[in-house]
Amino acid sequence: MSEKKEEVVSEALKAEEQLRSQWYILDTDGKLWEFDQFDFKGHDNLRKFSGYEYEKDRTVTRTPPHVDLMRSLELVDYEPASDPGNFRYYPKGRMIKALLEEYVTSMVHEYGGMEVETPLMYSMEHPTLKSYLNRFPARQYTIESDDTRYFMRFAACFGQFLIAHDATISYKNLPLKIYEMTRYSFRREQRGELTGLRRLRSFTMPDVHAICRDLEQAKEEYKVRFKLSQDVLQGIGFDKSDYELAIRMVRDFWDENQDLVKDLAKEHGKPVLIEMWNERFFYYIVKWDMNFVDNLDKASALATDQIDVENGERYDIKYMDEDGSTKHPYILHCSPSGAIERDIYGLLEKAAFDMKKGIKPSLPLWLAPTQVRIIPVSHEYTPAADKIREEFNKVRVDIDNRDETVGKKIRDAEKEWIPYIIVVGEKEAGLNEYPVRVRGQKNPEKMSISSLQEKIHAVTGDKPYRPVPVPIYLQQRPKFVG
RNA sequence: GCCUUGGUAGCUCAGUGGCCAGAGCGGCACCCUUGUAAGGUGUUGGCCGCGGGUUCGAAUCCCGCCCGAGGCUCCA
């Protein structure tokens with residue numbers, strides 16, 4: 001009875017069990033160090049990340065800080081009525097997620113990615129997919145419809161490859177970039193692997209493939225996308241000090257393409273963890289990943305890109321070359337930001353680092369659900385607050401019109417991490433400049449509304465915008481948590 | 001999936017065999033009309049995760065299940 005369930009465990013999962021890795025550190029001068037010869041002084045996070053990967057030291061007993069934060073900020077919450085690892089997003093969380101999705105998508109558009117949309121589920125009987133399932137180390141959700149079994153996609157590869165299979169492609173079209181923001185990708189991870197927003201069973205992931213003519217073109221494109229991923233992470237709010245780079249490859253690739261690997265390390269500007277395999281177990285010959293190290297010293301991959309040498313043939317994707325022959329391409333698989341949920345996890349964990357250091361935590365300004373809070377001293381000044389709010393354009397401004405003391409309203413605004421707070425009362429009547437309480441600053445700063453708006457736009461200018469995701473008046477807001 | 005650990009009011013938690021199960025916060029009502037991190041009074045909140053068992057008696061002990069966290073493992 002028990003083996004009737006016949007879990008779909010892929011060959012890749014089994015293969016991984018016998019996978020032998022050799023570990024090194026590559027420094028920015030291009031020197032490859034044996035793992036235990038490298039001096040990690042000044043590279044704390046790399047040491048933690050490497051320890052995590054190499055020594056498998058993962059003993060932790062605390063709740064990750066972002067789990068409390070995602071709830072107390074009313075962003076995201078568990079959904080007991082769903083399968084574990086499938087979360088609910090409250091209005092503020094949904095807004096943040098939507099902005100991140102829009103931002104990443106705009107960056108991929110700029111890069112040249114053509115956005116498509118593909119189905120969430122695929123037949124397990126499809127011969128190509130069947131063989132691909134066996135090659136990717138992920139457990140699937142399956143569902144039945146009539147007599148056919150379907151699996152929920154764990155990436156956008158299927159849909160995009162099937163599109164590419166049916167397309168007529170000339171070498172002149174290459175590299176050909178196809179993109180989808182998958183809401184969602186599904187991976188039925190083992191129960192104990194799920195951790196807050198860090199690891200989920202359904203997650204939102206940008207997936208951009210580049211179909212390339214040959215290894216040379218693939219390598220060129222690989223560098224472009226490395227830079228793209230760095231830029232995307234930077235835009236989201238992670239700089240190079242926030243993540244560690246790993247490059248994993250078969251030894252042959254290293255022997256023949258050291259320059260490329262060293263270029264990436266140089267671009268990263270910090271020593272890099274190198275993992276090498278003598279044989280190719282996966283569908284790719286090289287893969288890099290940018291890893292965030294959190295408050296519990298846990299590492300997890302954000303952006304990643306792989307050079308796939310297998311699926312062009314498996315999916316029978318062809319292009320017509322200059323000489324009239326049809327060829328299978330190399331395919332790059334990139335997630336320039338990693339999962340959007342994991343980005344939120346990273347931002348919250350970063351805020352938790354600040355709290356530890358005694359710095360007021362905050363979100364990047366372009367993601368703050370409220371950017372400016374206006375606090376009327378009493379009901380009498382609510383119209384004045386309205387007037388100030390109307391002076392703003394494309395800034396998220398709300399008004400705390402609750403029947404509470406000013407002290408209480410300030411405190412609540414601080415607990416929401418609101419970057420700018422303006423108290424309005426008799427003193428402010430008819431002023432051109434208001435004392436603005438700036439998060440992280442000791443004393444209020446006098447400024448006009450237009451200069452505050454400029455100040456905000458100077459930081460958020462190139463990012464997408466959405467209005468306040470909940471009612472403008474705090475009195476009208478329900479409490480989703482607490 | 002296996003192992004460890006937890007689940008008590010909307011939230012955070014106290015209560016570990018015995019009267020009608022408690023606190024703070026929140027919500028609601030009233031008072032105050034507020035000046036830069038919690039104003040006051042009153043009041044409302046509970047299948048003590050779910051199901052079964054032991055017992056004169058179960059939030060408390062036992063078994064199963066569900067859900068959270070952590071580990072094995074894995075990854076975006």
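Proteins get letters first, then strands, A, B, ... in listed order; numbering begins at 1 in each.
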Side-chain N or O of A/Lys408 closer than 4.0 Å to phosphate OP1/OP2 of B/G26:
yes
Give A/Val481 one of three labels, base, sugar-phosphate or nothing, depending on what nucleic acid heavy atoms sit under 4.0 Å from its own.
nothing
Decide whether A/Tyr111 and A/Arg225 meet the rule of one side-chain donor and one side-chain acceptor closer than 3.5 Å.
yes
Looking only at the side chain of A/Lys298 (C-beta and beyond, no hydrogens), which of the listed nucleotides B/A76, B/G70, B/A37 gets closest?
B/G70
Which whole number of Å gives the distance between the P atom of B/C48 and that of B/G10?
11 Å
Taking only the side-chain heavy atoms of A/Glu193 (C-beta and beyond), determine which of B/U34, B/U73, B/G26 contains the nearest atom.
B/U73
Partner of B/G42 under the Watson-Crick or G-U wobble criteria, both distances under 3.5 Å, comes out as B/C28
Less than 4.0 angstrom between a side-chain N/O of A/Thr405 and OP1 or OP2 of B/G39, yes or no?
yes
Phosphate oxygens OP1/OP2 of B/A37: is one of them under 4.0 Å from a side-chain N or O of A/Arg437?
yes
Grab the CD1-P distance between A/Ile410 and B/G39 for me, whole Å please.
12 Å
What interatomic distance, in whole Å, is found between C1' of B/U41 and the corresponding atom of B/C50?
40 Å
Are the ring of A/Tyr78 and the six-membered base ring of B/G68 within the stacking cut-offs of under 5.5 Å and under 30°?
no
Quick note, A/Lys479 side chain, CB onward, closest among B/G27, B/A76, B/U34 is B/G27
Side chain of A/Arg71 - closest among B/U34, B/C11, B/U36
B/C11
With sequence neighbours left out, the residues meeting salt bridge (charged side-chain N to carboxylate O under 4.0 Å, His left out) with A/Asp77 are A/Arg71
Answer yes or no: side-chain N or O of A/Arg342 and base N or O of B/C75 forming a donor-acceptor pair under 3.5 Å.
yes
With a non-hydrogen cut-off below 4.0 angstrom, is A/Lys442 in contact with a base, only sugar-phosphate, or nothing?
nothing
Is any NZ, NE, NH1 or NH2 atom of the basic residue among A/Asp412 and A/Arg373 found under 4.0 Å from an Asp or Glu carboxylate oxygen of the other?
no
Please classify the nucleic acid contact of A/Leu194 as base, sugar-phosphate, or nothing, using heavy-atom distances under 4.0 Å.
sugar-phosphate
Once you measure the plane-to-plane angle for A/Phe158 and A/Phe154, does it fall in the parallel (<30°), tilted (30-60°) or perpendicular (>60°) bin?
perpendicular
Roughly how many Å apart are B/A58 and B/C19, using the P atom of each and rounding to a whole number?
11 Å
Contact class for A/Gly425 (heavy atom, under 4.0 Å): base, sugar-phosphate, or nothing?
base
Per atom distances to the A/Glu426 side chain, the nearest of B/G39, B/G35, B/A37 is B/G35
Can you label the angle between the A/Phe87 ring and the A/Tyr78 ring as parallel, tilted or perpendicular, going by 30° and 60°?
perpendicular
Pairing partner of B/G68 (Watson-Crick or G-U wobble, both distances under 3.5 Å)
B/U5
B/G70 OP1/OP2 closer than 4.0 Å to side-chain N/O of A/Thr195:
yes
Does B/G18 have a Watson-Crick or wobble partner in any strand here, with both distances under 3.5 angstrom, and which is it?
B/C56
Nucleotide opposite B/A23 in a Watson-Crick or G-U pair, distances under 3.5 Å:
B/U12
Please work out if A/Ala299 contacts a base, only the sugar-phosphate, or nothing of the nucleic acid, heavy-atom cut-off 4.0 Å.
base
Contact class for A/Glu428 vs. all strands (heavy atom < 4.0 Å): base, sugar-phosphate, or nothing?
base
Minimum-distance nucleotide (side-chain atoms of A/Thr304 versus B/U36, B/C67, B/A76):
B/A76
Report yes or no: do A/Asn86 and A/Glu79 form a side-chain donor-acceptor pair below 3.5 Å?
no
Which nucleotide, B/A76, B/U33, B/G35, lies nearest any side-chain atom of A/Val423?
B/G35
Nearest listed nucleotide, side chain of A/Val377, among B/U34, B/G70, B/C75
B/U34
Tell me which nucleotide, if any, is Watson-Crick or G-U wobble paired with B/C47 when both distances must be under 3.5 Å.
none
From the set B/G39, B/C67, B/A37, return the single nucleotide nearest to any side-chain atom of A/Pro84.
B/C67
Which part of the nucleic acid, if any, lies within contact of A/Lys427, taking any heavy atom under 4.0 Å across all strands shown: a base, the sugar-phosphate backbone alone, or nothing?
base
On the side chain of A/Asp403, is there an atom forming a donor-acceptor pair with the base of B/C32 - under 3.5 Å, no angle test?
yes
Identify which nucleotide among B/A76, B/U73, B/G27 has an atom closest to any side-chain atom of A/Gln190, counting heavy atoms from C-beta outward.
B/U73
Would you please classify the geometry between the A/His66 ring and the A/Tyr345 ring as parallel, tilted or perpendicular, with 30° and 60° separating the classes?
perpendicular
